[in-house]
Amino acid sequence: MNDRRARGPDDERLSAELVAAWDRDASTYDATPRQGILHEDEWRAWRRLLAALLGDAAHSAIPPRRVLDVGTGTGTIALLAAELGHDVTGVDLSEAMLAEARAKAANAGRAIEWRIADAEALPPDLVGFDVVIARHVLWMLPHPHAAITAWRDAARPGGLVAIIDGFVRTPPPPLDAAARALGRLGSWLSSSPPADRDGAYAAAMRHQLPLAVQRDTRAVASLLEALGLERIRVRPVHEVDRVERSHQPLLVRVSDPRRRYVATGRTPILTAAG
């Protein structure tokens with residue numbers, strides 16, 4: 001059963017603040033380096049990553065899979081999954097983000113189901129998916145345990161839960177301060193927007209997000225294990241990081257401490273007793 005905790009006034013207030021931030025960012029999100037896909041080689045790298053996770057139903061003999069893209073935002077992962085030939089549902093709490101996603105899907109001629117839904121408490125009819133995937137979502141959730149519980153329960157027995165997120169490799173304090181200064185200078189000289197979304201979240205909000213700053217991948221691996229997922233694997237996303245970083249100005253690139261990972265686990269396959 002889903003781990004559906006009662007939401008109090010503080011939860012509702014934080015949720016409203018987060019949705020407001022996402023709504024505010026919707027029109028510019030895809031123009032942000034390392035968030036939107038800005039170059040053809042980035043698209044190819046993301047497509048290869050998704051093909052490795054989902055399979056390429058459009059160009060192979062595998063059947064289309066039912067894919068749930070949680071926290072779909074502007075629909076980047078949903079569109080890639082649809083391009084690979086899968087049946088995709090994308091959910092998000094931000095109406096403005098979903099409006100961007102719908103427009104992109106219409107322009108690309110992709111049939112994707114879009115729904116308003118909370119990543120931490122999915123509607124009970126969203127079940128039986130072959131793959132539940134969440135990109136750049138876990139770090140911004142107040143209750144990651146409840147979220148992964150909901151994602152697990154939305155997958156069929158033996159289904160895949162895939163989380164694409166990131167961690168920060170923090171150097172010693174003097175080097176960290178120098179790297180931050182170089183990054184700010186590089187962004188200013190290049191007139192490019194910052195390659196993260198920290199500015200969209202007030203410090204008080206970030207303090208309520210347990211995984212807002214991940215120093216390594218141990219927390220996500222522990223969550224997957226604690227929630228009974230099997231065949232857990234956490235690995236770096238080298239190609240996407242390398243390609244995206246190649247488009248950053250030099251000063252920004254050398255000062256960027258963020259690295260992505262993909263964490264996967266499968267839901268247990270139920271067997272008859274005896």
Side-chain angles (χ1 to χ4, degrees), residues 30 34-92 101-115 122 125-138 148 151-166 217 220-221 224 229-244 246 260-271:
D30 283 344
R34 309 204 72 190
Q35 303 295 337
I37 296 180
L38 306 179
H39 305 276
E40 183 63 30
D41 57 352
E42 293 177 359
W43 186 266
R44 289 195 300 269
W46 276 107
R47 192 181 189 281
R48 277 192 289 268
L49 174 61
L50 264 290
L53 290 170
L54 310 178
D56 188 345
H59 300 94
S60 67
I62 69 165
R65 293 190 166 98
R66 290 187 67 220
V67 177
L68 178 63
D69 180 23
V70 180
T72 188
T74 62
T76 296
I77 293 299
L79 282 162
L80 281 164
E83 182 180 293
L84 290 167
H86 300 294
D87 300 324
V88 186
T89 299
V91 301
D92 205 282
R102 289 188 184 98
K104 287 162 63 176
N107 288 339
R110 301 293 178 188
I112 297 171
E113 180 184 3
W114 306 105
R115 290 179 59 175
L122 295 171
D125 64 314
L126 289 178
V127 293
F129 288 90
D130 299 301
V131 182
V132 179
I133 190 166
R135 170 190 182 254
H136 299 172
V137 178
L138 189 67
I148 297 178
W151 306 347
R152 177 201 66 192
D153 292 352
R156 63 167 174 80
L160 182 72
V161 175
I163 298 167
I164 302 169
D165 215 278
T217 61
V220 67
L224 293 175
L229 288 144
E230 301 174 345
R231 296 162 60 185
I232 295 167
R233 186 180 179 195
V234 184
R235 53 202 184 276
V237 184
H238 286 309
E239 183 187 15
V240 169
D241 271 343
R242 175 182 57 77
V243 170
E244 289 182 343
S246 73
R260 283 199 190 82
Y261 64 79
V262 55
T264 57
R266 289 197 175 271
T267 58
I269 297 176
L270 304 178
T271 56

Please tell me if the side chains of D165 and V220 come closer than 4.5 Å, counting only heavy atoms from C-beta onward. no
Considering non-hydrogen atoms only, spot the tightest contact between A58 and E83 and give its length. CB-O, 3.7 Å
What closest approach, in Å, do L79 and A105 show between heavy atoms, and which atom pair accounts for it? CD2-CA, 3.7 Å
Do the side chain of H136 and the main chain of G166 share a donor and acceptor less than 3.5 angstrom apart? no
What's the verdict on side-chain contact (heavy atoms from CB on, under 4.5 Å) for L68 and L122, showing C-alpha distance, side-chain angles and the deciding distance? CA-CA 11 Å; L68 178 63; L122 295 171; 3.9 Å; yes
About how many Å separate OG1 of T72 and CZ of R115, when rounded to the nearest 0.5 Å? 13.5 Å
To the nearest 0.5 Å, how far apart are CD in Q35 and OG1 in T74? 9.5 Å
Does atom CZ of R231 have more than 12 heavy-atom neighbours from other groups under 6.0 Å away? no
Is it true that a side-chain atom of T264 and a backbone atom of V161 form a donor plus acceptor pair closer than 3.5 Å? no
Does a salt bridge link D69 with R135, judged by any charged N lying under 4.0 Å from a carboxylate O? no
Test log, rule side-chain contact (heavy atoms from CB on, under 4.5 Å), inputs K104 and T76: CA-CA 9 Å; K104 287 162 63 176; T76 296; 3.6 Å; yes
Could you check whether any side-chain N or O of D130 sits under 3.5 Å from a backbone N or O of R66, counting only pairs where one atom can act as donor and the other as acceptor? yes
Among V137, I133, L224, whose side-chain contact (heavy atoms from CB on, under 4.5 Å) with I163 holds? L224
Can you tell me how far CZ of R102 sits from CD1 of I112, rounded to the nearest 0.5 angstrom? 11.5 Å
Which pair of non-hydrogen atoms, one from E42 and one from E244, has the smallest distance, and what is that distance? OE2-CA, 3.7 Å
If I take atom CD1 from residue I148 and atom CG from residue D153, how far apart are they, to the nearest 0.5 angstrom? 12.0 Å
Closest non-hydrogen atom pair, A81 against V88: CB-CG2, 3.7 Å
In terms of heavy-atom contacts, A45 and V243 come closest through CB-CG2, 4.3 Å
Between D92 (side chain) and G73 (backbone), is there a donor-acceptor pair under 3.5 Å? yes
Counting only heavy atoms not in R48, do more than 12 sit closer than 6.0 Å to its CZ atom? yes
How far apart are the C-alpha atoms of W46 and I164, what are their side-chain angles, what is the distance that settles it, and do they pass the side-chain contact (heavy atoms from CB on, under 4.5 Å) test? CA-CA 11 Å; W46 276 107; I164 302 169; 4.0 Å; yes
Are any non-hydrogen side-chain atoms of V67 and L84 less than 4.5 angstrom apart? no
So, the side chain of T267 versus the backbone of R156: is there a donor-acceptor pair under 3.5 Å, distance only? yes
On a heavy-atom basis, the closest approach of W114 and G75 is CH2-CA, 3.9 Å
Evaluate V91 against L126 for side-chain contact (heavy atoms from CB on, under 4.5 Å), listing each step before the verdict. CA-CA 10 Å; V91 301; L126 289 178; 3.9 Å; yes
